[in-house]
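Comments concern the structure below.
As the structure lists them, so they are numbered: ligands from 1, and atoms in each ligand from 1.
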Amino acid sequence: MSASRHPALSATDPELASFVAAEETLQAETLRLIPSENYVSAAVLEASGTVLQNKYSEGYPGRRYYEGQQNIDRVEALAVERAKGLFGVDHANVQPYSGSPANLAVYLAFAKPGDTVMGMALPMGGHLTHGWGVSATGSWFRGVQYGVRPGTGLIDYDAVRDQALAERPKIIFCGGTALPRTIDFAAFASIAEEAGSVLVADVAHIAGLIAGGAHPSPAGHVDVISTTTHKTLRGPRGAMLMCREEHAKAIDKAVFPGLQGGPHNQTTAGIAVALHEAAQPAFVSYAHAVVANAKALAQALLERGFDLVSGGTDNHLILIDLTGKDVPGKVAAKALDRAGIVVNYNTVPFDTRKPFDPSGIRIGTPSLTSRGLSTEHMPQVAEWIARAVDAAAKADESALAVVRAEVTALMSAFPAPGLPLS
Ligand SMILES: *Cc1c(COP(=O)(O)O)cnc(C)c1O
């Protein structure tokens, strides 16, 4: 399979080519439920693998430190224009290498080491780069954290406000990696205004939902929007920072020369293609289908007795709390993997277990929706999860093998974008 798909690679480096081919098979056969992952289109894959790779282009379109930018400038300018159009923002920087460096650039633009910054706590669903201790952002800055309410699993905006007014952080981050509910950007904006803080919406997970109109947009509410391009937005691995005109210079200076050297032009090209795809009517349908599938899956899981953080979902993501089952998150995640269902173990708010061995699993519907699965399939998906978790509790390997065969059979009927047909 790989020899015809990647003939040069197969000839030069058959060992590496065999790993890629195996990964293609794995991605084709399994039910991928990790909410931060997706399948990029063949067009995005092609753009990401072009000779744009060969070019150094430190600087920005029209203001480069290297010559020969005739085509690169057009690629980057196109990506920038598409980002501005899609998200309705004044300014876009498409050069950050990934979400974490993008967030680091925000600190560089608006804070000094030792300043107080505020974000959601990692075990509550925030991201490492929102000032959590083990991250550079938590050791170079004074990170203070907010969480969710016990019981409801929802953000307590009054508590966030009290904390922000007491701490007066330079920067407030909203958004996270395990938040199954809609973020109230207007509420955060009034808190940040009162506290005199720069407000950053980190929409890495939900950028595609925002682009497709399936989650409210932070544009107009926040100072800076930070996002990865490879999650629900379905682009290559990369990131963007978007902002009002007043912050454009600070953001650009922070990304280059503040933090990075030459941008990854092949990635910029892939981002441009993904933004073009996300501007099509089909992507609006996709974004809404992702949410409809997640809601249907949540409902089917609840009917099978699963405990979901916040009781369900408004977006693409579901956080299952396995505390009431006989099986910790990691054991369940590994069993599900053997059953052909790929998830990640995750802390749940107020987890009584350790982060490397937590009580929850995190799942989402972006990838399965990209393959065309719809709400009618979600009861089946929930049933497989239930059977696999049961089998994990009983260490029943043959039950996992049966689920795996069923999963592979269904997935073979739903070819994934960008993958060879098996
Ligand atoms: C994924 C994610 C990031 C980091 O992205 P990387 O590309 O993995 O560095 C940052 N913030 C949030 C909220 C994320 O979900």
Side-chain angles (χ1 to χ4, degrees), residues 32-38 40 44 48 87 93-108 117-132 134-138 141 143 145-148 155 171-183 185 188 199-211 215 217-218 222 224-242 251 254-255 259-260 263-264 267-268 270-271 274 290 294 309 313 315-319 343-344 346-347 349 355 360 362-367:
R32 300 171 65 234
L33 295 182
I34 294 176
S36 50
E37 293 183 349
N38 215 325
V40 298
V44 168
S48 311
F87 289 96
N93 185 311
V94 299
Q95 294 193 4
Y97 298 141
S98 212
S100 303
N103 284 346
L104 205 50
V106 173
Y107 288 87
L108 190 59
V117 298
M118 189 166 153
M120 187 175 237
L122 180 69
M124 294 282 178
H127 192 261
L128 281 165
T129 56
H130 297 182
W132 191 246
V134 298
S135 153
T137 63
F141 301 91
Q145 264 85 36
Y146 59 89
V148 295
I155 293 171
I171 305 174
I172 297 176
F173 279 88
C174 59
T177 62
L179 305 181
R181 295 297 180 177
T182 301
I183 300 164
F185 296 118
F188 271 107
L199 179 61
V200 183
D202 183 349
V203 300
H205 263 260
I206 56 174
L209 304 184
I210 291 166
H215 187 289
S217 173
V222 307
V224 179
I225 301 171
S226 173
T227 186
T228 58
T229 47
H230 48 270
K231 299 181 184 176
T232 52
L233 193 56
R234 232 162 48 175
R237 306 197 78 84
M240 305 192 292
L241 289 169
M242 298 176 278
I251 287 292
V255 174
L259 204 60
Q260 300 187 170
H264 295 178
T267 299
T268 306
I271 291 172
V290 167
V309 171
T313 183
N315 55 29
H316 64 300
L317 182 148
I318 297 165
L319 198 51
V343 308
N344 68 273
N346 213 96
T347 51
R362 190 183 69 148
I363 63 175
T365 51
S367 294

Qualifying residues under side-chain contact (heavy atoms from CB on, under 4.5 Å), relative to P123, sequence neighbours excluded: A121, W132, T347
Any donor-acceptor N or O pair under 3.5 Å, side chains H127, D202: no
Donor-acceptor pair, side chain of T313 and main chain of I318, under 3.5 angstrom: no
Derivation and outcome, ring-ring contact (aromatic ring centres under 6.0 Å, His included), residues F173 and Y146: CA-CA 10 Å; F173 279 88; Y146 59 89; over 10 Å; no
S135 and T137: side chain donor to acceptor below 3.5 Å: yes
Those protein residues which place at least one heavy atom below 4.0 Å from ligand 1: S98, G99, S100, N103, H127, G176, T177, D202, A204, H205, T228, H230, K231
Closest non-hydrogen atom pair between G126 and T177, with its separation: O-OG1, 3.2 Å
